[in-house]
Amino acid sequence: MRLIAIEEHVLPHSVREAWAAAPPPHDPVSAIADGGETGERLADLGEGRLALMDEQSVDVQVLSLTTPGLHNLEPDPAVEAARRVNDLIADACARHPSRFQGFAAVPTAAPDAAPRELERAVRELGLQGALLCGRTRERHLDHPALRPMLAKAAELGVPLFIHPQTPSPAVREANYSGISDRADLALAAFGLGWHYEAGLEWVRLAAAGVFDELPELQIILGHWGEVMLFYLERTAAVLGRALELDRSLHDYARSNLYVTGSGMWSQPYLQRCLDIVGPDRLLFSTDYPYQYRPGGEPRRFLDAVELDDAGRRGLAFANWERLTAAASGQGR
């Protein structure tokens, strides 16, 4: 059974340089990806990465620029960086077409350019969608300036993956400070704050009426729904009373959301997502290289998970192939 992992990251040197040149505030997590073994694995788009994929029994990685992406760059550098990243990912896919696919990086700091670059990445380069990191500085994904980018994704029939990024400095100071420098960063980022940030972006899209306006738009959330799915009943009830939306939050989850585990090998979390979005909206990912562990754990999880044969095939590869069928028909 083929195994397609859809949240597998890269970080070219050119983006490291762009991060360093960007105006503050800088995302503190970017330093973690900037050296050592993790940094080497992020930069490798060749034999080293392929060898570790083989060790994990992963047939295909869907490559994407790691967090915080290009969201904190100024408009012109973001446009230039997006083109370079997307060309790089497309080149890796062309060199290893049976092993790599790709998500585009999109210059959300330049809202007029973002839909054009997304279209170029899909139609000319053959990428399967885009990975976004939620906010662009203080601008959320539901901001009117970004609506053309969302509309372009719906028009192209490609998904947008909302990946976590660290909360803004004001939020970190208010909610995640005062323990110790190390604990504060862990709590604000991969411990909790990351996941609230990403899940909130999907809820905001629903609350702002984006899925009513763009019913074909498909969003992917990692880490089994970024906390949001585990509190869906309460959030849906409150939003249902406060807003005039065409459908309930449960309906949007079943028609505008896919979820993936991001290397969190948890049957209970998978089951919760299965109950909400159904078996056709589960996707597989390992969160390479951050969650890489030797010993073939991805394949063992797939073999052991409590799904029937159709559900297991869907999780492993079939749901992704169906989701990206439109993109596959447009690429070069």
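The shown structure was predicted, so the numbers you read here are calculated from the model rather than taken from an experiment. The residues of the chain are indexed from 1 along the displayed sequence.
Taking the charged nitrogens against the carboxylate oxygens, Arg120 and Glu117 do have a contact shorter than 4.0 Å, which makes a salt bridge. A salt bridge is absent between Glu47 and Arg99: the closest approach of a Lys/Arg side-chain nitrogen to an acidic carboxylate oxygen does not fall below 4.0 angstrom. With respect to the salt-bridge test (charged N to carboxylate O, under 4.0 angstrom), the residues Asp91 and Arg95 qualify. Taking 4.0 Å as the cut-off between side-chain N and carboxylate O, Lys152 and Glu155 count as a salt-bridged pair. Between Asp54 and Arg49 there is no salt bridge, since none of the side-chain N atoms of the basic residue sits less than 4.0 Å from a carboxylate O of the acidic one. Here Arg135 pairs with Glu197 in a salt bridge; the nearest charged N to carboxylate O distance falls below 4.0 Å.
Within 6.0 Å of the CG atom in Asp309, the count of heavy atoms belonging to other residues, nucleotides or ligands does not exceed 12. Counting heavy atoms of neighbouring residues, nucleotides and ligands inside a 6.0 Å radius, atom CD of Glu321 exceeds 12 of them. Around the CD atom of Glu173, the shell of radius 6.0 Å holds no more than 12 heavy atoms that belong to other residues, nucleotides or ligands. When the shell of 6.0 Å around CG of Asp212 is examined, it contains more than 12 heavy atoms from other residues, nucleotides or ligands. In this structure, Arg272 places its CZ atom where more than 12 heavy-atom neighbours from other residues, nucleotides or ligands lie under 6.0 Å away. When the shell of 6.0 Å around CG of Asp181 is examined, it contains 12 or fewer heavy atoms from other residues, nucleotides or ligands.
Shown here for Phe103 and Ser64, the closest heavy-atom pair between the two residues is CB-CB, 3.9 Å. Shortest non-hydrogen contact noted between Ala18 and Leu73 is O-CD2, 3.5 Å. The two residues Pro159 and Ile220 make their nearest non-hydrogen contact at CB-CD1, 3.9 Å. Pairing each heavy atom of Asp251 with each of Ser255, the nearest pair is O-OG, 2.8 Å. Listed here is the closest heavy atom pair of Gly102 and Leu127: O-CB, 3.4 Å. Of all non-hydrogen atoms in Trp202 and Ile162, the two that sit nearest each other are N-CD1, 4.2 Å.
A donor-acceptor pair is defined here as one N or O able to donate and one able to accept, closer than 3.5 Å; such a pair exists between the side chain of Arg300 and the backbone of Gly295. In this structure a side-chain-to-backbone donor-acceptor pair under 3.5 Å is present from Arg312 to Leu302. Counting only distance, with no hydrogens or angles, the side chain of Arg299 and the backbone of Ser57 share a donor-acceptor pair below 3.5 Å.
Residues Val29 and Leu185 have side chains in contact (heavy-atom distance under 4.5 Å, counting atoms from C-beta outward). Asp184 is not listed as a side-chain neighbour of Tyr176, based on a closest heavy-atom distance of 4.5 Å or more. Within the 4.5 Å cutoff, the side chain of Asn175 has no heavy atoms near those of the Pro167 side chain. Two residues are said to be in side-chain contact when any heavy atoms from C-beta on lie closer than 4.5 Å; His26 and Asn72 fail this criterion. By the 4.5 Å heavy-atom criterion applied to side chains, Arg83 and Pro107 are not counted as neighbours. Using a 4.5 Å heavy-atom threshold, the side chains of Val238 and Arg234 count as touching. For the pair Phe301/Phe284, a side-chain contact is recorded, criterion being any heavy-atom separation below 4.5 Å from C-beta on. Between Val106 and Met149 the shortest side-chain heavy-atom distance falls below 4.5 Å.
Counting only N and O atoms by type, the side chains of Glu201 and His140 include a donor and acceptor under 3.5 Å apart. A donor-acceptor pair shorter than 3.5 Å can be found between the side chains of Thr166 and Asp27. Side-chain N/O atoms of Tyr258 and Asp280 include no donor and acceptor closer than 3.5 Å. For Arg281 and Asn256, the side-chain atoms include no donor-acceptor pair closer than 3.5 Å.
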Handout entry: Arg204 vs Asp142, salt bridge (Lys or Arg N to Asp or Glu O under 4.0 Å): CA-CA, chis, key distance, verdict
Key = CA-CA 6 Å; Arg204 286 186 63 104; Asp142 58 280; 2.7 Å; yes

Exercise for the section: Carefully, step by step, assess Ile6 and Phe161 under the rule side chain to side chain contact (heavy atoms under 4.5 Å, CB included). Expected result: CA-CA 10 Å; Ile6 73 152; Phe161 193 131; 3.9 Å; yes

Practice task
Run the numbers on Gln101 and Trp320 for side chain to side chain donor-acceptor pair (under 3.5 Å), then give the verdict.
Solution key: CA-CA 11 Å; Gln101 298 177 25; Trp320 171 254; 2.9 Å; yes

Practice task
Might you work through the side chain to side chain contact (heavy atoms under 4.5 Å, CB included) test for Thr108 and Leu70, ending with a clear yes or no?
Solution key: CA-CA 8 Å; Thr108 54; Leu70 309 177; over 6 Å; no

Problem - Check against ring pair (Phe, Tyr, Trp, His ring centres under 6.0 Å), Tyr269 and Phe230 - result: CA-CA 9 Å; Tyr269 285 178; Phe230 295 85; 5.2 Å; yes

Exercise for the section: Carefully, step by step, assess Gln128 and Val158 under the rule side chain to side chain contact (heavy atoms under 4.5 Å, CB included). Expected result: CA-CA 6 Å; Gln128 275 70 33; Val158 297; over 6 Å; no

Exercise for the section: Apply side chain to side chain donor-acceptor pair (under 3.5 Å) to the pair Tyr292 and Glu297, showing each step before the final yes or no. Expected result: CA-CA 9 Å; Tyr292 171 76; Glu297 195 166 2; over 6 Å; no

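Expressed to the nearest 0.5 Å, how far OG1 of Thr260 lies from CE of Met264 amounts to 10.5 Å. In this structure, CG in Leu323 is found 6.5 Å from CG in Leu283, a value given to the nearest 0.5 Å. The distance from atom CG of Leu50 to atom CG of Asp44, rounded to the nearest 0.5 Å, is 8.0 Å. Expressed to the nearest 0.5 Å, how far CD of Glu306 lies from CG of Asp308 amounts to 12.0 Å. The line from CG of Leu125 to CD1 of Ile89 is 9.5 Å long, rounded to the nearest 0.5 Å. With rounding to the nearest 0.5 Å, the separation of CZ in Arg182 from OG in Ser180 is 8.5 Å.
Cluster annotation: Ile276 is connected to Phe211 through the hydrophobic network of ILVMFWY side chains, with a link wherever side-chain heavy atoms come within less than 4.5 Å. Clustering ILVMFWY residues whenever any of their side-chain heavy atoms sit less than 4.5 angstrom apart, transitively, puts Tyr288 in a cluster other than the one holding Val85. Side-chain heavy atoms closer than 4.5 Å link hydrophobic residues (I, L, V, M, F, W, Y) into clusters, and following such links, even through other members, never connects Val58 to Leu52. No single ILVMFWY cluster, assembled from side-chain heavy atoms under 4.5 Å apart, contains both Phe190 and Tyr196. A continuous path of ILVMFWY side-chain contacts below 4.5 Å connects Leu307 to Trp224, so both sit in one hydrophobic cluster.
Under the rule for a salt bridge (Lys or Arg N to Asp or Glu O under 4.0 Å), Asp287 has no partner lying at least two apart in sequence or in another chain.
A side chain to side chain donor-acceptor pair (under 3.5 Å) with Thr286 is found for exactly one of Gln291, Gln61, Arg293, Glu8, namely Glu8.
Checked against a 6.0 Å centroid threshold, the rings of Trp194 and Tyr290 do not count as neighbours.
Using a 30° and 60° split on the angle between ring planes, His223 and His163 fall in the perpendicular class, above 60°.
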